Amino acid sequence: MKAIDGGRIRSCAAGAGLAVLAILAAVGDATASGLVPRSLGPTTSAVVPIEKSYAAGTIVIVSGNRTLDLVISEGRAIRYKIGVGRDGFRWSGTVKVGRKAEWPDWRPPAEMKARAAGLPDLVPAGPLNPLGARGIYLYKGGADTLYRIHGTNEQSTVGGFASSGCFRMSNADVIDLYERVKVGSTVIVK
């Protein structure tokens, strides 16, 4: 992701109103330079038959296929194209949807900051945030795993092996999934 002003959006001491104007100006500059996507990306969803029986509302991710299925009924699911973890960052297991957020902010984990010097402590919500339009937070045993199903403004990474373990979707697809999935839903990662 390309950063604005070295990755920092500066707030003004004169008050929140000026800070908002500074952010709007930065987004405007980013839009003009082509950094902010002009669309939410493609919709890849399709209703498909599935062989195994899962409860409606279950999410089944098959990393090797780079697909995410949301089970809608016995033997049927909505399938989305996703990006998954690159070599060394793929994982499997069963987790739950712990929370959801619209236009989430992003706090890079310490491990990621150690691998990529210069990452900020916080990337505020908005069109330049790498979590995109929606974040679906994955929990295990009531604790945040730090893995997410989220949108992306880097559409070229959807369908590939590019993340640090999160699951990337086009912003259009993650908005659709976000509206359908409930907090507490089971997520099976294979």
Side-chain angles (χ1 to χ4, degrees), residues 1 37 39-101 104 106-116 119 129-190:
M1 182 174 128
S39 80
L40 294 174
T43 301
T44 67
S45 63
V47 176
V48 298
I50 54 174
E51 292 180 20
K52 193 163 182 181
S53 181
Y54 297 101
T58 301
I59 294 173
V60 181
I61 295 171
V62 180
S63 292
N65 295 341
R66 293 166 318 282
T67 58
L68 180 152
D69 291 351
L70 173 63
V71 178
I72 54 175
S73 66
E74 179 83 26
R76 293 177 7 133
I78 300 172
R79 179 165 292 162
Y80 303 90
K81 180 179 175 181
I82 62 170
V84 300
R86 62 187 181 273
D87 286 342
F89 291 92
R90 286 187 291 280
W91 58 278
S92 61
T94 301
V95 294
K96 298 278 187 182
V97 173
R99 75 181 187 94
K100 304 183 327 179
W106 179 53
R107 296 178 188 279
E111 298 82 10
M112 186 176 286
K113 290 176 72 171
R115 288 190 310 271
L119 282 176
N129 188 300
L131 295 186
R134 303 290 184 271
I136 300 170
Y137 296 69
L138 304 179
Y139 282 57
K140 183 155 185 112
D144 189 351
T145 65
L146 302 180
Y147 294 116
R148 317 277 184 252
I149 299 168
H150 62 81
T152 184
N153 298 319
E154 294 181 89
Q155 187 55 46
S156 64
T157 64
V158 175
F161 297 96
S163 78
S164 293
C166 288
F167 305 102
R168 296 179 183 176
M169 305 175 77
S170 74
N171 283 323
D173 279 348
V174 81
I175 289 170
D176 183 65
L177 179 66
Y178 181 95
E179 295 299 323
R180 296 172 185 275
V181 72
K182 294 179 176 24
V183 170
S185 295
T186 298
V187 179
I188 300 167
V189 180
K190 299 179 178 187

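Because the structure is a prediction, the values reported are computed rather than measured. All values below were derived from every heavy atom in this structure, side-chain atoms included, with hydrogens, water molecules and symmetry-related copies excluded.
Applying the salt bridge (Lys or Arg N to Asp or Glu O under 4.0 Å) test to every pair with at least one member in residues 176-186, sequence neighbours left out, gives these pairs: Asp176-Arg180. Sequence neighbours left out, not one pair with a member in residues 169-190 passes ring pair (Phe, Tyr, Trp, His ring centres under 6.0 Å). Counting only residues at least two apart or on different chains, the salt bridge (Lys or Arg N to Asp or Glu O under 4.0 Å) pairs with a member in residues 56-74 are Asp69-Arg79.
Side-chain N/O atoms of Lys96 and Ser185 include no donor and acceptor closer than 3.5 Å.
When every heavy atom of Gly132 is checked against every heavy atom of Asn171, the shortest pair comes out as CA-OD1, 3.3 Å. Across Leu138 and Thr145, no two heavy atoms sit closer than the pair O-OG1, 2.7 Å. Shown here for Ser170 and Pro42, the closest heavy-atom pair between the two residues is OG-O, 2.6 Å. The minimum heavy-atom distance linking Ala56 with Ile72 is given by the pair CB-O, 3.9 Å. Taking all atoms of both residues into account, the shortest heavy-atom contact from Tyr137 to Ala101 is CE1-CB, 3.8 Å.
The structure places CZ of Phe167 at 4.0 Å from CD1 of Ile61, a figure rounded to the nearest 0.5 Å. Remark: Leu40 CG to Met169 CE distance equals 12.5 Å, nearest 0.5 Å. For the atom pair OG (Ser45) and CG (Leu68), the distance works out to 11.0 Å, reported to the nearest 0.5 Å. To the nearest 0.5 angstrom, Met112 atom CE is 7.5 Å from Leu119 atom CG.
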Can you give each donor-acceptor pair under 3.5 Å made by side-chain atoms of residues 82-93, sequence neighbours left out, with the distance rounded to 0.1 Å?
| unit_1 | atom_1 | unit_2 | atom_2 | d |
| --- | --- | --- | --- | --- |
| Arg86 | NH1 | Ala162 | O | 3.4 |
| Arg86 | NH1 | Ser163 | O | 3.2 |
| Arg86 | NH1 | Ser164 | OG | 3.4 |
| Asp87 | OD1 | Arg90 | NH2 | 2.7 |
| Arg90 | NH1 | Gly85 | O | 2.7 |
| Trp91 | NE1 | Gly165 | O | 2.9 |

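Lys81 pairs by the side-chain contact (heavy atoms from CB on, under 4.5 Å) definition with Thr44, Val158, not counting sequence neighbours. A search for side chain to side chain donor-acceptor pair (under 3.5 Å) contacts involving Arg148 returns Asp144, not counting sequence neighbours.
Checking each of Thr157, Asp173, Asn153 against Arg168 for a side chain to side chain donor-acceptor pair (under 3.5 Å) leaves exactly one that passes, namely Thr157. The residue from Thr186, Val189, Val95, Ile149 that alone fulfils the side chain to side chain contact (heavy atoms under 4.5 Å, CB included) condition with Ile59 is Ile149.
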Val183/Tyr139 under side-chain contact (heavy atoms from CB on, under 4.5 Å): CA gap, chis, key distance, verdict: CA-CA 10 Å; Val183 170; Tyr139 282 57; over 6 Å; no

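No side-chain heavy atom of Pro104 sits under 4.5 Å from any side-chain heavy atom of His150.
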